[in-house]
Amino acid sequence: MERTTLVQHIRQQEKANPGATGEFSGLMNEVMVAAKIISLQVNSAGIGEDIFGLTGKINIQGEEVKKLDEFSDITFTKIIGQSGTVCAITSEEKDEPYIIPPEDHPGKYIFMMDPLDGSSNIDVNVNIGTIFSIYRKKSLGTDVTDEDILQKGVEQIAAGYIVYGSSTIFVYTSGQGVHGFTLDPTLGEFFLSHPDLAIPEQGSTYSTNEGNWGVWEEAQKDLVAYLKEDDSSTGRPYKLRYIGSLVADFHRTLLKGGLFMYPKDSKSPKGKLRFSFEAAPLAFIVEQAGGKASTGVQRVLEITPTGIHDRLPLFIGSKKDVEMAEERLATPVKKGSWFKWLNS
Ligand code: AHG
Ligand code: MN
Ligand code: MN
């Protein structure tokens, strides 16, 4: 059987781009190498190096850094940083952008990552992943400036994620559709398994941390209560699925359709998820697959961040489901009015 490898696919996509120099393929190949290393570590966690548990450090987000968070950050930074294709790397785990020193031959791309997403699931054998995003350096000269680091979401030239799950899958877009590759662990090679992914226009599942109900705004409560109402003509009630690893919840949503939500709340008034490392790359992917990503009031890709660690509310998934969420959130609700949807 003729099988397309990830390397072949990236090269073919780059060829479709007149004037391509191969630098982009070079960068993507290094992302793939780093992903294979993390995948191996994840699969052997518990028997290989001591990779479970905490490092004892707190990151810029005020969160405890797990050993695998740190291992992934260091692995990606080393491999991508020495690839000769990027001039800066930003990461959820780094306070400031890492600027590639001249001896490591800076290239024309900026690489942004959540090196390990879903860290609360590391120690319990539940899917985790890596999310990345690639921009082109915009400013003239050799210095990396805010113009390069804080670009609007639509300026991304590629984005992707890797889920370390029951199998390891690598999903990416470079603006020509969304393609998924599954790691064959015997060969150590990613093969095309999900060409031209398209998200269903409407799903039957919602995904959110409903334990936050008490800190949600009334409009959010109303939206979720509405999804629970029994009304077969609109496909309700929706099923609830929540893993707690954005990358895994997103992957399911992409394949099956539905709505993932992490709204703002009184604990996280700006939202919890990060624009550069989580929302923007997944927004690029979902739009390429025919879906939508919104803050509830604005298209995610229209945002220009003010800092690399900016957070936002996120509603992402099937086109009709995200539109329904936007509409409901825009409708004022009286305190407790959501109760009517629960058919008590
Ligand atoms: P990270 O592990 O990179 O810090 O991200 C965790 C994120 C995301 O993966 C997930 O959707 C969300 O946090 C879960 O948050 P709650 O535990 O608040 O539901
Ligand atoms: Mn994350
Ligand atoms: Mn993370």
Side-chain angles (χ1 to χ4, degrees), residues 34-35 38 41-42 45 51-55 57-77 89-95 111-133 159-165 171 205-216 220 224 240-254 258-283 285-286 293 295 300 308-317:
I38 312 298
Q41 279 295 336
V42 170
I51 210 83
F52 281 149
L54 303 172
T55 57
K57 295 177 200 158
I58 303 288
N59 71 9
I60 179 79
Q61 324 272 348
E63 299 152 344
E64 291 175 319
V65 180
K66 303 254 180 172
K67 288 183 194 163
L68 200 56
D69 281 325
E70 191 172 64
F71 176 83
S72 306
D73 190 49
I74 293 171
T75 303
F76 271 95
T77 304
I89 298 175
T90 66
S91 161
E92 183 191 276
E93 300 300 336
K94 298 184 202 302
D95 301 5
F111 187 77
M112 303 189 181
M113 62 175 164
D114 179 350
L116 207 288
D117 175 68
S119 19
S120 68
N121 283 322
I122 295 173
D123 296 354
V124 293
N125 221 335
V126 174
N127 294 7
I128 50 183
T130 298
I131 307 172
F132 66 90
S133 166
Y161 62 85
I162 302 104
V163 182
Y164 313 109
V171 176
T205 301
Y206 73 97
S207 185
T208 193
N209 184 344
E210 213 165 315
N212 287 333
W213 183 279
V215 288
W216 279 351
Q220 181 64 31
V224 170
L240 167 62
R241 296 282 184 274
Y242 190 68
I243 298 167
S245 297
L246 172 65
V247 74
D249 280 312
F250 177 79
H251 186 61
R252 182 198 56 250
T253 305
L254 181 66
L259 176 63
F260 174 90
M261 303 174 260
Y262 210 112
K264 61 180 187 243
D265 58 44
S266 59
K267 253 189 343 197
S268 316
K270 293 189 166 161
K272 176 177 184 184
L273 300 173
R274 299 83 169 168
F275 173 79
S276 299
F277 314 127
E278 296 174 320
L282 299 185
I285 293 168
V286 86
T295 61
V300 169
I308 59 173
H309 295 286
D310 277 10
R311 295 173 191 257
L312 76 178
L314 181 63
F315 297 82
I316 191 165

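Residue indices begin at 1 and follow the sequence shown. Order of listing sets the numbers, starting from 1, for every ligand and every atom in it.
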Quiz item: Which atoms of ligand 1 have any heavy atom of Tyr242 under 4.0 Å away?
Solution: 14 (C), 15 (O), 16 (P), 19 (O)

Practice problem: Please confirm whether Arg274 comes under 4.0 Å of ligand 1, counting heavy atoms of the residue only. | Solution: yes

Exercise. State, to 0.1 Å, how close Leu312 and Arg274 come at their nearest heavy-atom pair, and which atoms those are.
Key: CD2-C, 3.9 Å

Quiz item: Which ligand 1 atoms, with their elements, are less than 4.0 angstrom from a heavy-atom of Asp114?
Solution: 3 (O)

Quiz item: Numbering the atoms of ligand 1 from 1, which are under 4.0 Å from a heavy atom of Gly244?
Solution: 9 (O), 10 (C), 14 (C)

Quiz item: How close do Gly118 and Ile128 get, heavy atom to heavy atom, and via which atoms?
Solution: O-CG2, 3.3 Å

Quiz prompt | Exercise: identify the closest heavy-atom pair between Pro263 and Trp216 | solution = CG-NE1, 3.5 Å

Quiz item: For atom 11 (O) of ligand 1, which candidate among Ile122, Ile128, Leu246, Asp117 provides the closest heavy atom?
Solution: Leu246

Quiz item: Just by modelled atom types, is the Ile131 backbone N or O under 3.5 Å from a matching donor or acceptor in the Asp117 side chain?
Solution: no

Quiz item: Any idea which N/O/S atom from Asp114 gets closest to the Mn ion (ligand 2)?
Solution: OD2

Self-check item: Polar side-chain atom of His309 near backbone of Lys94 as donor-acceptor pair, under 3.5 Å
Solution: yes

Quiz item: Does Ser120 reach ligand 1, in the sense of a heavy atom lying below 4.0 Å from it?
Solution: no

Quiz prompt | Main-chain N/O of Pro115 paired to Asp69 side chain as donor or acceptor, under 3.5 Å | solution = no

Exercise. To the nearest 10 degrees, could you say what angle the Mn ion (ligand 3) makes with O of Leu116 and OE2 of Glu92?
Key: 160°

Self-check item: Contact (N/O only, under 3.5 Å) between Ser119 and ligand 1
Solution: yes

Quiz item: Any nitrogen or oxygen of Val247, main chain or side chain, under 3.5 Å from a nitrogen or oxygen of ligand 1?
Solution: no

Quiz item: Under 3.5 Å between some N or O of ligand 1 and some N or O of Ser245?
Solution: no

Quiz item: Which ligand 1 atoms are under 4.0 Å away from a heavy-atom of Glu278?
Solution: 3 (O), 5 (O)

Exercise. Any chance you could lay out the side chain to side chain donor-acceptor pair (under 3.5 Å) test for Arg252 and Ser207, step after step, and finish with the verdict?
Key: CA-CA 10 Å; Arg252 182 198 56 250; Ser207 185; 3.1 Å; yes

Practice problem: Look at the rings of Phe250 and Tyr161 and say which category their plane angle falls in: under 30° parallel, 30 to 60° tilted, over 60° perpendicular. | Solution: perpendicular

Quiz prompt | Polar side-chain atom of Asp265 near backbone of Val215 as donor-acceptor pair, under 3.5 Å | solution = no

Quiz item: Any donor and acceptor pair, going by atom type alone, linking the side chain of Ser91 with main-chain N or O of Glu93 inside 3.5 Å?
Solution: yes

Quiz item: Counting heavy atoms only, which of Asp249, Asn209, Ile243 comes nearest to atom 16 (P) of ligand 1?
Solution: Asn209

Quiz item: Nearest protein heavy atom to atom 7 (C) of ligand 1, by residue and atom, and its distance?
Solution: Leu273 CD2, 3.9 Å

Quiz item: How far is atom 17 (O) of ligand 1 from its nearest protein heavy atom, and which residue and atom name does that atom have?
Solution: Lys272 NZ, 3.8 Å

Quiz item: Any sub-3.5 Å donor-acceptor pair from Asn127's side-chain atoms to Ala248's backbone N or O?
Solution: no

Quiz item: Which ligand 1 atoms, with their elements, are less than 4.0 angstrom from a heavy-atom of Leu116?
Solution: 2 (O), 3 (O)

Practice problem: Around atom 18 (O) of ligand 1, find the nearest protein heavy atom and jot down its residue, atom name and distance. | Solution: Tyr262 OH, 2.5 Å

Practice problem: Give a yes or no answer on whether the side chain of Thr208 reaches the backbone of Met261 with a donor-acceptor pair at less than 3.5 Å. | Solution: yes

Quiz item: For Phe277, is the nearest heavy atom under 4.0 Å from an atom of ligand 1?
Solution: no

Quiz item: Between OE2 of Glu278 and OD1 of Asp117, what angle is found at the Mn ion (ligand 2), rounded to 10 degrees?
Solution: 110°

